[in-house]
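Here the structure is a predicted model, which is why all the values come from computation and not from measurement.
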Amino acid sequence: MSPEHNDQPPITPGPLSTPASVMTIGAHPDDAEFGAGATLFTWIANGADATIVITTDGSKGSWDSRIAHADLVAQRRSEQMSAAAVLGVESVAWLGQPDGELRYTPGLRRALVSLIRTHRPDVVLTHDPWQRYQLHPDHRTTGFLAVDAVVAAREPRFYPEQGLEAHRPSAILLWSADDPDHAETVDDRAFDAKVEALLCHTSQSETTMGSAASSATARDRFVERVDGRLREAGEPFGLDRAETFKRLTP
Ligand SMILES: [Zn+2]
């Protein structure tokens with residue numbers, strides 16, 4: 001990486017036209033909303049079918065030791081279904097792995113290939129597994145599983161026993177990329193939907209949203225934070241607000 005890379009303007013091939021079908025692959029309930037909630041909303045409003053895939057059960061996502069494991073898992077599922085409904089997502093798939101302990105296994109890659117070949121997304125969105133200093137192991141592992149599943153899904157000699165036709169998405173968009181080269185604009189409606197979807201994850205209020213569920217002031221602060229990040233992301237692309245990605249063409 002050259003020291004001056006931050007001074008170079010990002011190369012953008014322009015926004016994608018609305019895909020017929022789109023899939024997010026995230027580690028936890030709320031990752032898709034943080035990474036691409038507005039983009040999902042906009043594409044779905046324009047006619048796309050969408051599937052949210054979540055690799056873990058979300059069972060580490062609370063600082064409240066009084067909540068039972070099973071109750072937290074159930075709550076996070078229900079919050080994710082509410083968030084999906086806000087965005088217009090019809091389909092949510094769970095791989096149910098223990099939160100924080102996700103391991104890269106051939107079986108999980110195969111399970112993702114099956115989902116990709118079944119739903120046949122034009123665009124797959126996931127964590128950037130190459131993001132420098134990404135602390136969360138589930139984010140790294142999910143990103144690698146997702147990218148590797150796209151590579152296998154397009155090749156018919158992988159998992160022929162699935163009885164599913166091979167499928168090649170036209171793009172992978174990686175959220176949280178260090179060097180994003182692709183931006184999707186976020187208009188006011190999409191911004192509101194992203195915020196509303198994030199706020200469905202009330203169990204995450206304390207851990208990731210600055211206690212947004214506890215007071216109007218905290219909620220306003222959270223909305224401002226999300227707004228600020230989208231404006232900052234859009235600025236190099238000449239957009240008021242954007243969700244930005246590293247775009248790969250499989
Ligand atoms: Zn996460």
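Taking 4.5 Å as the limit, some side-chain heavy atom of E101 sits within range of a side-chain heavy atom of K60.
Using a 30° and 60° split on the angle between ring planes, H182 and F245 fall in the tilted class, from 30° to 60°.
Not one N or O on the side chain of D227 forms a donor-acceptor pair closer than 3.5 Å with the backbone of V223. The main-chain N or O of G234 is never found under 3.5 Å from a side-chain atom of R241 such that the two would form a donor-acceptor pair.
Using modelled atom types, one finds a donor on one side chain and an acceptor on the other under 3.5 Å when comparing S59 with D57.
In this structure, K246 does not pair ionically with D179, as no charged nitrogen and carboxylate oxygen lie closer than 4.0 Å.
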ask   = What's the verdict on salt bridge (charged side-chain N to carboxylate O under 4.0 Å, His left out) for R189 and D187, showing C-alpha distance, side-chain angles and the deciding distance?
value = CA-CA 6 Å; R189 274 183 69 215; D187 66 17; 5.8 Å; no
task = Could you give me the CA-CA distance, side-chain angles and deciding distance for Q134 and S176, then say whether side chain to side chain donor-acceptor pair (under 3.5 Å) is met?
result = CA-CA 9 Å; Q134 166 55 255; S176 304; 5.4 Å; no
task = Please assess D148 against Y104 for the test side chain to side chain donor-acceptor pair (under 3.5 Å), listing each intermediate value before the final yes or no.
result = CA-CA 10 Å; D148 293 357; Y104 188 111; 2.6 Å; yes
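In this view, E243 and T39, K194 satisfy the side-chain hydrogen bond (donor to acceptor under 3.5 Å, both in side chains) rule, not counting sequence neighbours. For the ring pair (Phe, Tyr, Trp, His ring centres under 6.0 Å) test, residues two or more places apart in sequence or in another chain that qualify with W175 are H127.
Under a cut-off of 6.0 angstrom, the local environment of CG in D71 is crowded, with over 12 non-hydrogen atoms contributed by other residues, nucleotides or ligands. For R120, the CZ atom is densely surrounded, since the number of other residues' heavy atoms within 6.0 Å is greater than 12.
Contact record, D128 with D178: OD2-N, 4.2 Å, taken as the closest heavy-atom pair.
Separation of the H136 and H28 ring centroids falls under the 6.0 Å cut-off.
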